[in-house]
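Quick notes on the structure that follows.
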Amino acid sequence: MTILHVQRTSAFDKNDFAQCIATIQSNDALVLIDDGCYNLTHSMFNTLKNQHPDIKIFHIDDHAQARAVKIENSQSQPIAMAQLVELTFEYDSTITWQ
Amino acid sequence: MLTSSKKIAILNASSTINEASKEALDAALIYGSYEQTTSLFFQGEGVRQLLNNQNVEIVSIKDYLKTMAALEFYDIENIYACKASLAERGLKEEFHLDNVQVLNSDDFSKALHQHQVILRF
Amino acid sequence: MTTVLEYNGKVIPTDKHGYLIDFTQWNEEMAPLLAKSDNMELTEAHWEIVRFVREFYLTYNTSPAIRALTKALKTKFGEDKASSRYLFRLFPDGPAKQATKYAGLPKPARCL
């Protein structure tokens with residue numbers, strides 16, 4: 001079974017992202033929303049990339065821009081909220097890490 | 001009422017004295033009452049809910065930990081704890097429940113992935 | 001339905017549904033009085049369940065929902081008394097709801 005991991009908090013502030021990384025499997029996907037966008041600049045993000053090089057990663061474009069989080073396209077794919085809704089149908093279940 | 005027979009996971013990530021922990025247990029008991037297959041997962045601060053010798057009544061909180069002993073009557077038999085979360089906190093596997101299965105991170109994740117509905121508290 | 005329980009000339013506080021506010025004030029003599037407000041008379045069969053529900057609450061700090069109640073009863077009394085049909089015959093308004101009331105316990109928060 002596959003899980004869509006919706007990450008809403010920053011690892012600079014809370015432990016949710018660490019637990020998310022411990023739980024995520026290669027066939028899952030990660031979506032960074034709200035303060036979760038800050039995780040793109042956290043060292044744990046590289047840990048995740050090393051553990052699961054091909055994992056799908058998305059972020060809500062508006063949420064990253066609002067926070068001036070600069071993202072290279074190779075790191076994460078920008079999406080809008082409507083696409084997040086679509087993603088929830090593509091995976092068997094969803095965990096919101098907040 | 002839920003009509004499907006999806007497997008439900010309650011992912012507990014809050015410490016003992018936290019309203020979310022009580023709500024997680026309430027959710028589990030409600031699913032159990034509706035005969036939904038329900039498993040409990042304890043990760044991060046959530047593992048603290050399992051430790052013995054806690055007495056939340058001292059700080060005027062209803063002792064919901066006692067209620068966890070009744071889970072078997074709700075057919076909730078799978079209770080998992082994350083080994084890494086316990087180790088990080090320097091906690092021993094000394095629980096007030098006797099059927100807790102302590103799993104390493106990978107097995108914990110795999111067990112969680114067997115559920116169609118995951119609710120994190 | 002009364003909302004006041006008089007016992008030994010004293011008023012025992014109850015909620016608007018007639019459940020005791022403080023379960024520690026209860027004793028067995030109050031059970032028939034609580035039942036009377038629902039026009040119920042307690043037989044030994046009722047008592048068995050009332051005592052069991054009280055014991056369950058003291059052990060687990062929660063009133064059992066109907067399914068949990070039947071499962072727990074099965075371990076103590078066996079299959080016959082562990083069916084919801086048997087329980088509903090004894091307590092037509094809902095076994096969990098009525099038995100907890102006469103046992104001096106709070107109204108079950110989870111309504112089943």
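Convention: sequence-line order gives letters A, B, ...; per-chain numbering from 1.
- Within the 4.5 angstrom heavy-atom criterion, no atom of B:Leu119 approaches chain A.
- Per-residue counts of heavy-atom pairs under 4.5 Å with chain A were compared for B:Gly44, B:Ala84, B:Ala9, B:Ala13; the largest is that of B:Gly44.
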If the cut-off is 3.5 angstrom, what donor-acceptor pairs do you find between chain B and chain A?
from     : atom 1 : to      : atom 2 : distance (Å)
B:Gln43  : NE2    : A:Thr23 : OG1    : 3.0
B:Ser109 : OG     : A:Thr23 : O      : 2.5
B:Ser109 : OG     : A:Gln25 : NE2    : 2.7
B:His113 : NE2    : A:Asp28 : OD1    : 3.1
B:His113 : NE2    : A:Asp28 : OD2    : 2.5
B:Arg120 : NH1    : A:Asp16 : OD1    : 3.0
B:Arg120 : NH1    : A:Gln98 : O      : 3.2
B:Arg120 : NH2    : A:Asp16 : OD1    : 2.8
B:Arg120 : NH2    : A:Gln19 : OE1    : 2.9

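- Among the residues in residues 53-61 of chain B, none has a non-hydrogen atom closer than 4.5 angstrom to a non-hydrogen atom of chain A.
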